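As the structure is a computational prediction, the values presented were derived from the model and not from experiment.
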Amino acid sequence: MSDTVRPTELAAEQQALLHRTLGRFDIIFLLIAAVVGLETLGQVSTYGAEAFTWALVLAVFFLVPYGLIFAETGAAFSEEGGAYTWVRDAFGRPAAAVASLLNWVTQPVWVGGSMSFLAAETVSTYITPMTPGSFADYAFKLVFIWITVLAAVVSLQKGKWLPTSGAVLKIAVLVFFVLTTVIYAAQHGVGGLGLGDFSPTLLGLFGSVPLLLFAYLGFESGNSAAGEMENPARDVPVSILRSCATAAFCYLVPILAILIVVPQDEITGIGGFLDAVKTVFSVYGDAADPLLKVTAIVVVYVLMSQGSAWMIISDRMQAMTAADGSFFGGFFGRFHPGLGTPVRVNMLSGVTATVFMLVAMQVSGTGGAIFGVVLTISISTFLLAYLFVIPAAIRLRTMYPDVERPFRVPLSDRGFALLGWIAFAWIVLGSWVAVFPGTLEWVFGLDYSFEDYWGVSQGTFEAFTLGTLAVIGALGAIGYVCGRPVRAGSTPSSNPASNPASNPDSNPDSPDDRIKEPVR
């Protein structure tokens, strides 16, 4: 059997503080709360009917292989920390540190720079007006951010109910919206869509693929809390596969419904879903306005629950990254002994989200433009993480052939790898388009007006995007260097000479610094 990098003593200590409180029901709804996003429905729908076509293509040719490979990997390798531990065991700590940081930082950037803006816009438009940049606007966004943090700080047994209730409400809202759309279509007809409108184009592919990948990714992220699951080997495969199927339905059907009732030139990224809700609710007559206000309140709650779900998941991964010596030593690698939560990383997420919200408020452009730009930055960091995570899942299949796999994809190692590389190819395309929009359009000679689409100049966009990635890179490098003392405290193996804690000449990051059993 192949060897694997040893965990640190601090990581082993923190495992003992975890509380096993997540059952199958909790895992499924935590994943639905985190991954199924109302905020992407309108943004994807701006590409018109072909957005539905591409959503269907990716559901078949990306979501299916992606879901299968991580259903197997997540059940077989169920250590707290999830994707960080997979990349670490496959490629070593440096690669794992990068993957974890990109994955984690996506969430506070997204909550602070996109979700808080969408929630504020929803309140201002449908509940009570708030002037952009006013005290009320800032106060609302700050409260929104820190409620998501608080849900991650409290014990998982209590905190899980915010994302769980949000997931239930999310599904209920989408089902009610789709049923109402059917009634609306029966009364008013379908809004002029023909089969030709669904024809896929390269322009639609380049524009929608990062959004659709962002919408479909993250179902393996529940493994970040694998040490807090009652039975991960049994529950992870079922949870991933069921939540993937739910996500496909929750994206494909509402996108089609939005396209049916809202003309393409009237769909906006920041308000697309509620614009469609407002249109179809007209079938309820005088009750339409109260129903719309209630729906807007529910949407804000759903957005908050979605942010909290990601904080719960991603903060645990980053805390275990720190406990394993790959992120600023041991300070951020400690779980609260009573709550069993990574409070220090939770606070760091809150501060990061707040800073990014304040920075985003200074970017010139409309609220919708800011929302779109920051959402794309979040997409870019998230997708880049999977350039490490997917190859790690492929490699673990062959590195540890003797590890028990409660769920096994019924394919050979080559077949399993093919599924992984198909998913990886989509990630490469999405990552490039997210970081450098407009470049592939230029290569293929497609008409593309950057400022008309994004609402900001290309220089502003790239400065914001590349500047964010540069800061993340610097943060990761410094954090990894600072973690060396923790890495020197790896758990001892049967051979004292190979233990870095007792052998000052050994390198805790070396691929040869191994033990004979995979970390589980």
Value rounded to 0.5 Å, distance of [atom1] in [X] from [atom2] in [Y]:
| X | Y | atom1 | atom2 | value |
| --- | --- | --- | --- | --- |
| R395 | D89 | CZ | CG | 10.5 Å |
| Y301 | I147 | OH | CD1 | 10.0 Å |
| D315 | T341 | CG | OG1 | 9.5 Å |
| L217 | L58 | CG | CG | 9.5 Å |
| T246 | K170 | OG1 | NZ | 11.0 Å |
| W432 | S380 | CH2 | OG | 13.0 Å |

Consider only side-chain N and O atoms of Y386 and S431, and report whether a donor and an acceptor are under 3.5 Å apart. no

Quiz question: by atom type and distance under 3.5 Å, do the side chains of D413 and T398 form a donor-acceptor pair? no

Taking the side chain as every heavy atom from C-beta outward, state whether [X] and [Y] have any pair of such atoms under 4.5 Å apart.
| X | Y | result |
| --- | --- | --- |
| P94 | Y480 | yes |
| M347 | V149 | yes |
| V111 | M311 | yes |
| L358 | Y138 | yes |
| F424 | P391 | yes |
| F416 | I69 | yes |
| N346 | I312 | no |
| C482 | I478 | yes |

Check for a donor-acceptor pair, side chain of [X] on one end and backbone N or O of [Y] on the other, with a separation under 3.5 Å.
| X | Y | result |
| --- | --- | --- |
| Q107 | N103 | yes |
| T164 | W161 | no |
| S326 | A322 | no |
| R397 | A393 | no |
| S305 | V302 | yes |
| W86 | F77 | yes |
| T148 | G307 | no |
| T85 | G81 | no |
| R334 | P342 | no |
| R88 | T321 | no |

If every non-hydrogen atom of [X] is compared with every non-hydrogen atom of [Y], which pair is closest and at what distance?
| X | Y | answer |
| --- | --- | --- |
| A319 | F335 | CB-CE1, 3.8 Å |
| A120 | D137 | CB-OD1, 3.7 Å |
| V300 | F144 | O-CE1, 4.1 Å |
| P437 | Q458 | O-NE2, 3.8 Å |
| P163 | S308 | CD-OG, 3.6 Å |
| S116 | I145 | CB-CG1, 4.4 Å |

Determine whether Y216 and F62 satisfy the following criterion, side-chain contact (heavy atoms from CB on, under 4.5 Å), listing intermediate values before the conclusion. CA-CA 8 Å; Y216 286 148; F62 173 77; 4.1 Å; yes

Under the side-chain contact (heavy atoms from CB on, under 4.5 Å) criterion, do W110 and F356 qualify, and how do the steps go? CA-CA 9 Å; W110 172 70; F356 213 86; over 6 Å; no

How about [X] and [Y]: are their ring centres within less than 6.0 Å of each other?
| X | Y | value |
| --- | --- | --- |
| F327 | F332 | yes |
| W104 | Y84 | no |
| F70 | F219 | no |

Relative to Y400, does R405 satisfy both conditions: NZ or CZ under 6.0 angstrom from the six-membered ring centre, and within 45 degrees of the ring's axis? no

Go through E220 and T73 one step at a time and tell me if the side-chain contact (heavy atoms from CB on, under 4.5 Å) criterion holds. CA-CA 9 Å; E220 85 298 333; T73 303; over 6 Å; no

Carefully, step by step, assess T106 and T381 under the rule side-chain hydrogen bond (donor to acceptor under 3.5 Å, both in side chains). CA-CA 6 Å; T106 296; T381 55; 2.6 Å; yes

Given I472 and L101, is the side-chain contact (heavy atoms from CB on, under 4.5 Å) satisfied, shown in steps? CA-CA 8 Å; I472 293 171; L101 182 59; 3.8 Å; yes

Show your working on ring pair (Phe, Tyr, Trp, His ring centres under 6.0 Å) between F388 and F91 and close with a plain yes or no. CA-CA 9 Å; F388 298 89; F91 302 119; 7.9 Å; no

